[in-house]
Undergrad: 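Structure provided below as structure tokens; questions to follow.
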Amino acid sequence: MAEDFLNKVSKKASEQLKNLKSPYQFETERTKTVQIRMSTYKEVKRIAFENDEKIVDVLEKIIREGLAKRK
């Protein structure tokens with residue numbers, strides 16, 4: 001009977017350890033690949049470098065501004 005209890009506890013503990021996330025890990029949002037012209041990419045890359053930002057953040061700002069103007 002003790003073995004059954006220990007087996008249950010062991011299985012439950014191992015399942016919880018699999019799902020454990022580090023409290024120091026940053027939450028990241030999923031991304032998708034997009035295709036843009038090379039000239040546009042170079043310009044976005046330059047903007048990201050000058051502002052010390054990630055390319056994905058620069059692209060998101062540009063897209064959101066364009067969508068806001070469209071409305």
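Bear in mind that the values here come from a model prediction, so they are computed numbers and not experimental data.
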Undergrad: Heavy atoms only: give me the nearest Ala48-Ile55 pair and the separation to one decimal.
TA: CB-CG1, 4.0 Å
Undergrad: Hey, any chance Ile63 and Val58 share a hydrophobic cluster, counting ILVMFWY side chains that come within less than 4.5 Å of each other, even indirectly?
TA: no
Undergrad: Working to the nearest 0.5 angstrom, can you tell me the gap between Asn51 CG and Arg46 CZ?
TA: 9.0 Å
Undergrad: Are the side chains of Lys45 and Tyr41 in contact, using a 4.5 Å heavy-atom criterion?
TA: yes
Undergrad: Any chance you could measure Glu60, atom CD, to Leu67, atom CG, to the nearest 0.5 Å?
TA: 10.5 Å
Undergrad: Distance from Lys61 atom NZ to Leu59 atom CG, nearest 0.5 Å?
TA: 11.5 Å
Undergrad: Supply the atom-to-atom distance Asp57 CG to Ile62 CD1, rounded to the nearest 0.5 angstrom.
TA: 11.0 Å
Undergrad: Side-chain heavy atoms under 4.5 angstrom apart, residues restricted to Ile, Leu, Val, Met, Phe, Trp, Tyr: same cluster for Phe49 and Val56?
TA: no
